[in-house]
Protein chains: 2
Amino acid sequence: MSSFRAQKMAKKKQEILRSAAAVLVEKGYQGTTMEEIAAKLLMTKGSMYYYFKNKDDLLYQCHLMIMEICLDGIEEVIDSNLTPVEKLRSAIKEHILLATSEKSMFMALSKPNHSFSEKQLQEVLELRKRYSHYFDRIIHEGIDKQVFCPVDVKMVRLIILGALNWIQEWYDQNGPQSAEEISEAYASYLLKMLMVVKG
Amino acid sequence: MSSFRAQKMAKKKQEILRSAAAVLVEKGYQGTTMEEIAAKLLMTKGSMYYYFKNKDDLLYQCHLMIMEICLDGIEEVIDSNLTPVEKLRSAIKEHILLATSEKSMFMALSKPNHSFSEKQLQEVLELRKRYSHYFDRIIHEGIDKQVFCPVDVKMVRLIILGALNWIQEWYDQNGPQSAEEISEAYASYLLKMLMVVKG
DNA sequence: ACGAAATTTAAACACAAGTTCAAAAAATAA
DNA sequence: TTATTTTTTGAACTTGTGTTTAAATTTCGT
C-alpha cells in the first residue's frame, strides 16, 4: 500500500545522503553544514529534519552507506576465483575508483572525534575493521600460496590502505592522470612490495 | 635591550603554536577552537589576540612552523653522504618520527578549504612542494645509480607519502607498536617497492 | 618603591550554524 | 472537488565560537 510513499521517502533519503557524502568528503566533518547539503538539492536546511533526526544521524547514516558500497565491492573480489595477485590488484583498483569517482571513503570519520554516540561509533569502526580484514585475507592467501613473500600482514595492509586513502587529498578530476591510470600504477607498485624475488 | 622582551614574546608565540599544532592535528581545522588552544596553556582565549591577529593567522603560522621542522629534517638527509637507499630510509623514518611524536604534519591543511588568503595558501603549498621534491630527488638519485629500478617517480612518491601521512589516522601512543618499530617496517617494505630484482 | 610599559583577564558583542515549530503548500485518496 | 495526510518552508530560537575592548594585573627599568 504505502510502499509507494515509503519508496519515495527512501529515495529522497538516498539523495540527501549522497549530497551529504559529497560535502563531507570535501569539507570534513566540522566543515559540513546542513545548509550546504540542502542547497545542493535545492532544499532548505529545515526540511532535512523531516528525514533525519539531526546532523549526527545524517552523517552517521552517510558513513554506513559509504562503507556498504566499499564492502560490496571487496566482497565480490573476495568471492571470485582470481589468484591472490589479481584479487589484490582488483581490490586496490576498486578502492581507488570508488575514492575518486564516487568520491566517498571512510576518510571523513578518520579519528573518532565526532559527537557520534558510542553505539554509532562502534558500528562504523566495526564495518571498517571488516573492510581491512578482507585485505588481510587476500594477503594471507597470497603468502600461503607462496606468491607473496612472508610479511607483517597488518603493516603491509596499513601501508596499502594509507597510500590509497591519501589519494583523495590530491586527486583532481581535471588533473593530467585519470583514475584508471592512477589505479594501474598504484596496483603494480604496491604489489611489487609483496612479490617474491625469483632468483 | 628589549631583546629580552622580544625573546620572551617569541617563546610564548612558540608555545601557542605548539599547542595549536596539537589541537589542529587532532581536531582538524574547523574543529580547532581558540579556547582549546588557550586552555592547554592555562590561558584565556582573549590573550591569544595579543600574539596573533586572528585564528587564521595563528593556524597559518602553525603550518609554517610544522613545515619548517619537516624541511630541516629532510634537508639534513639530502645533504648527507648516505646512499640513496639509506637516504630514503632515513627520510621515511624521520617523517614517521615527526608525525607520531611531534604529532604534526601537513595533514591538517590537506585540501585548500580554509579561509587562508591566497598568499598564505600559496606559501604553504610551496613549502609542501619543496618537501615532496626532496623525496623525488632521492628516488631519482637511486634510479640514476641503478640501485632503484626505473619507476614513475611522482607516483611512487605519492604512494610513500600517502602511506606515511596516513599513520596519524591510526597511530596510538599507547598502542602495541612503537613509532620506532613502525618506521623500521614501513621503510623496509616501501623500499622493496623500489628495489631492483637481482637475478 | 614608583611609574610606565607589557600582558592578561573577563565580559560583551557578532555571527554562523544546528534545531524547532507553526503555518503554508503539495500530494493523495475519497 | 474536498478532506486528509505528507512535505516544505521560513522565521525564530539556541548555542558555540571568533573577536573586541576597557579595565585589572604583572613585569621591569630606574
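Letters A, B, ... are given to chains in the order of the sequence lines, protein chains preceding strands, and every chain is numbered from 1.
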Going by an N to O cut-off under 4.0 Å, is there a salt bridge joining E35(B) and K40(B)?
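No, no charged N to carboxylate O under 4.0 Å.
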Is there a side-chain contact between Y51(A) and the phosphate of dT7(D), meaning an N or O under 4.0 Å from OP1 or OP2?
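Negative; the distance criterion is not met.
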Side-chain N or O of T44(B) closer than 4.0 Å to phosphate OP1/OP2 of dT9(C)
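T44(B) to dT9(C) OP1/OP2: side-chain N or O found under 4.0 Å.
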Check for me whether the distance between the ring centres of Y131(A) and H95(A) falls short of 6.0 Å.
yes
Where do N54(B) and D57(B) come nearest, in terms of heavy atoms and distance?
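Minimum heavy-atom separation between N54(B) and D57(B): OD1-N, 2.8 Å.
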Q61(A) side chain to L58(A) main-chain N or O, any donor-acceptor pair under 3.5 Å?
no
Can a donor-acceptor pair be found, under 3.5 Å and without considering hydrogens, that links the side chain of K87(A) to the backbone of I78(A)?
yes
d([atom1], [X]; [atom2], [N]) in whole Å:
X      : N       : atom1 : atom2 : answer
M43(A) : dT7(D)  : CE    : C1'   : 9 Å
K55(A) : dA17(C) : NZ    : P     : 9 Å
Y49(B) : dA10(C) : OH    : P     : 17 Å
K8(B)  : dA5(C)  : NZ    : P     : 17 Å
I37(B) : dG18(D) : CD1   : C1'   : 11 Å
M34(A) : dT15(D) : CE    : P     : 18 Å
K12(A) : dA26(C) : NZ    : P     : 13 Å
E36(B) : dG18(D) : CD    : P     : 10 Å

Does the side chain of Q122(A) come under 3.5 Å of the side chain of E126(A) through a donor N or O and an acceptor N or O?
no
Shortest side-chain distance from Y50(B), nucleotide among dT8(D), dT19(C), dA6(C):
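In terms of side-chain proximity for Y50(B), the closest of dT8(D), dT19(C), dA6(C) is dA6(C).
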Remember a base hit wins even if backbone is also touched, and classify F52(A) as base, sugar-phosphate or nothing at under 4.0 Å, heavy atoms.
nothing
Which is true for S47(A) with a 4.0 Å heavy-atom rule: it touches a base, it touches only sugar-phosphate, or it touches nothing?
base
So how far off straight is the helix from dA1(C)-dT30(D) to dA30(C)-dT1(D), going by the axes through five pairs at either end, to 10°?
10°
Walk me through whether E141(A) and K145(A) qualify under salt bridge (charged side-chain N to carboxylate O under 4.0 Å, His left out).
CA-CA 6 Å; E141(A) 190 187 334; K145(A) 294 191 177 170; 3.3 Å; yes
